[in-house]
Amino acid sequence: MTNLDLARLFQRLATMLEIDGANPFRVRAYREAARVVESQAEPIEALAGEPKRLEELPGIGKDLAQKIRDVVATGSTALYDEMKAKVPEEIVALTELQGLGPKRVKTLMERLQIHSRQDLEAAGKTGRLRELPGFGEVLEQKILKALAATREASGRRLLAEVWAVAHGLAEHVAKTRGVQQVEIAGSFRRRRETVGDLDLLAAGGDPEAVMKAFTTHPEVADILGLGDTKSSVRLASGLQVDLRLIPPESFGAALLYFTGSKQHNIQLRRIAIEKGMSLSEYGLARGAKQVAGRTEEEVYRALGMSWVPPELREARDEIERAIEGRLPSLVDLSDLRADLHMHSDRTDGRESLETMVRAAKARGHGYCAITEHSKALPMLKGFDEARVRRSVDEVAAVRQRVPGIRVLHGLEVDILADGALDLDDDTLALLDWVVISLHTRLGQPGPEITARVLRALAHPRVSVMGHPTARMIGGREPAAFDMERALEEAAARGVLMEINAQPDRLDLNDINARMAHTKGVKMVISTDAHSVAQLDNQRYGVFVARRAGLEKGDIANTLPYEQFMEALRRARPGGASAGGARGATTTAAKETPAAARARGKAARGKAARGAKARPARRKSR
DNA sequence: GCCGTTTTCGGCCCGACTGTTTTCAGTCG
Ligand SMILES: Nc1nc2c(ncn2[C@H]2C[C@H](O)[C@@H](COP(=O)(O)OP(=O)(O)OP(=O)(O)O)O2)c(=O)[nH]1
Ligand SMILES: [Mg+2]
Ligand SMILES: [Mg+2]
Ligand SMILES: [Zn+2]
């Protein structure tokens, strides 16, 4: 049972308890346990086997720890079975409909024996909902409308998918007369990989005029709520957008509130209470006296801590660190100097190798790697050994034609079902940069795929593991290998891990990247671009890194070229890059060691020196 | 149900909008 499965069960149990009328704080405890379980990098299953480990998690005490152990062992726990008899599991999903919370769902269940969306729709269509206490005609219509909307239209979306519309709406609101400031807040500002809605914050202007401008935007299909300080709309695409309007003197406190996360807000508010104050979106106050509120910094400072970057506001350990002044100095997009995972039309990319290299250079990169697929993916024209040999000259030619950027001759080599690599060692030796990836047999059971990954990571020519789990957001589940062991192996062997920046991959994700960091693994942020436009996705990878709390020094492709190659040589003395990729048009006269090997010449000298300079780190395990 | 250099009991974040509530509960952010 994965952490996500466990979290979902406790989330469901919380709602069942809530519908049953349980103490709201008890309900909150179950929700909090679900959140904590979901945010753990290590499998809870494993922790459950060791004494006291679960109880060490915040928000999980004796009781919840035991219930988690029950679920891990048997798939359920007595309370869950008991609640299931009272509150059918299917009922829980009804609370996702707007306007239906635990109380009304309880009424539906008890008065009309409604158990499913179908039951609810039938009752609505025959006008039976409006009769119920706490219901009415308006709500009945609202429910019918919510039922008609597809799950997809109202579900979460990729951050990249809403990037443009978010900025468009913010600009629209900002143009309204009198409006002084507009920010996109919520999960968007925290750069979560998906967002449930958009949350806009504005200050200044006449409330009526601002709300009117907002709700009459051409994309707005439906107005869900309309007040003086807060309105909600649904766009034609189904995306919900909330606008909060606040006086300028409260803008910082409001931005803090509206950025969240909810749990971060609650923790800050508790600290305010401890200090004899009260925090809301209007400001931090001692009694009737405003203490802070114009800027976020002001509020954090008044609470005794430093400003927390939005990406870290997830109620993990950021408040503790902000108090102690131990917040990381997060990596920034402008720190990146390379893109080390790119495809061209030689395999499944859209543009030529030269076009991709020029585009990487135009984005300010000092070096890049071209990494076509290998032969395990014949549909994508994956390279076999002969094709790699021809590629050596193709890359050399591009180095000639595009001065000012170093080009690593790389490949994205498939990890075969047994953990062997898709190309022979002599061929791998032609490469400056070896990305290894899982693309096939992703459904292998945990032990099998763990062994497969560990074997692949142990290959001396490997530079980096690409999109490690192969998950697709909203699609494929992550491969079931033991990430902790894989990261330990990578750390011991100096293999890098990729943070793949494709908006629907983001792999490693923030949780795994955080664990990688604690294991001492360095990472690279790469776009895996199949077109020039996709080179701009790098920022989404940076967001993942920032959410993981990573600094510039944790990301290898922030290094200048020479230092990057030197670090690779040190970390991978037997590796693909042992000799260094010397090819660039500026030094085109010099042959790269890889190229030399390609023509059967010895390039032993440089590789050996690299190895001698610093032996491989080997961590005992 | 969790938690604790103020507590092992008694707190647990705080505010906006809606509809039917005949004075505010329910839901949501
Ligand atoms: N203090 C407090 N703030 C809340 C609460 N619920 C939401 N907020 C704040 C923090 C949230 O980040 C912000 C926006 O609410 P959303 O429901 O849109 O959540 P968020 O954007 O974080 O995630 P999302 O991707 O939309 O699901 O409002 C709450 O119960 N208490
Ligand atoms: Mg939101
Ligand atoms: Mg919202
Ligand atoms: Zn791939």
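Nothing here was measured: the structure is a model prediction, and the numbers come from that model. All chains are named by letter (A, B, ...) in the order of the sequence lines, taking the proteins before the strands, and each is independently numbered beginning at 1.
- Comparing the P positions of B/dC28 and B/dT20 gives a spacing of 15 Å, expressed to the nearest Å.
- Contact between the side-chain N/O atoms of A/Thr229 and the OP1/OP2 oxygens of B/dC17 is found at a separation under 4.0 Å.
- As a whole-Å value, the separation of A/Glu274 CD from B/dC3 C1' is 11 Å.
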Review item, side-chain donor-acceptor pairs of residues 60-67 of chain A, under 3.5 Å, at least two apart:
from	atom 1	to	atom 2	distance (Å)
A/Asp63	OD1	A/Lys67	NZ	2.5
A/Asp63	OD2	A/Lys67	NZ	3.2
A/Gln66	NE2	A/Asp70	OD1	2.9

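- With both ends at atom C1', the span from B/dG15 to B/dG10 equals 24 Å, rounded to whole Å.
- In this structure, A/Ser76 and A/Asp81 approach most closely via the heavy-atom pair OG-OD1, 2.7 Å.
- Partner of A/Glu140 under the side-chain hydrogen bond (donor to acceptor under 3.5 Å, both in side chains) criterion, out of A/Arg128, A/Lys125, A/Arg130: A/Arg130 alone.
- No contact: A/Lys106 has no heavy atom under 4.0 Å from any strand.
- Distance noted for atom P between B/dT22 and B/dG26: 13 Å (whole Å).
- With C1' as the reference atom, B/dG11 and B/dT7 are 9 Å apart, rounded to whole Å.
- Taking the six-membered ring for Trp and thresholds of 30 and 60 degrees, A/Phe543 and A/Tyr540 have ring planes more than 60 degrees apart, a perpendicular arrangement.
- A/Leu54 places its CG atom 15 Å from the C1' atom of B/dC2, with the value rounded to the nearest Å.
- Look at the C1' atom in both B/dT23 and B/dT18: the space between them is 15 Å, to the nearest Å.
- As rounded to the nearest Å, B/dC13 and B/dC3 have P atoms that lie 14 Å from one another.
- A/Met83 places its CE atom 12 Å from the P atom of B/dG1, with the value rounded to the nearest Å.
- For A/Gln263 and B/dC13, the CD to C1' distance is 10 Å, given to the nearest whole Å.
- Residue A/Arg69 forms a salt bridge (charged side-chain N to carboxylate O under 4.0 Å, His left out) with just one option from A/Glu50, A/Glu55, A/Glu45, and that option is A/Glu55.
- Distance, A/Gln267 CD to B/dG4 P: 12 Å, rounded to whole Å.
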**Request:** Between protein and nucleotides 19-29 of chain B, map the contacts as a letter string: B base, S sugar-phosphate only, - none, heavy atoms under 4.0 Å, written 5' to 3'.
**Result:** SS-----SSSB

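- Pairing of B/dG1, defined by two Watson-Crick or G-U wobble distances under 3.5 Å, is identified with B/dC12.
- Within 4.0 Å (heavy atoms only), A/Ile266 reaches at least one base atom of the nucleic acid.
- Across B/dG1 and B/dT5, the matching P atoms stand 23 Å from one another, rounded to whole Å.
- Within 6.0 Å of the CZ atom in A/Arg111, the count of heavy atoms belonging to other residues, nucleotides or ligands does not exceed 12.
- A/Ile246 has its CD1 atom 16 Å from the P atom of B/dC14, to the nearest Å.
- Applying the ring pair (Phe, Tyr, Trp, His ring centres under 6.0 Å) test to every pair with at least one member in residues 213-250 of chain A, sequence neighbours left out, gives these pairs: A/His172-A/His217.
- Comparing A/Leu279 and A/Val27 by the nucleotide of DNA chain B whose heavy atom lies nearest to each, the residue mapping closer to the 5' end is A/Val27.
- Using C1' as the reference atom, B/dA25 and B/dT21 are 7 Å apart when rounded to the nearest Å.
- A/Glu140 places its CD atom 17 Å from the C1' atom of B/dT18, with the value rounded to the nearest Å.
- The distance from atom CD1 of A/Ile273 to atom P of B/dT7 is 18 Å, rounded to the nearest whole Å.
- The aromatic rings of A/His167 and A/Phe188 stand perpendicular to each other, their planes meeting at an angle above 60°, with 30° marking the opposite boundary.
- Residue A/Leu226 is classed as a sugar-phosphate contact, given heavy-atom separations below 4.0 Å to backbone atoms only.
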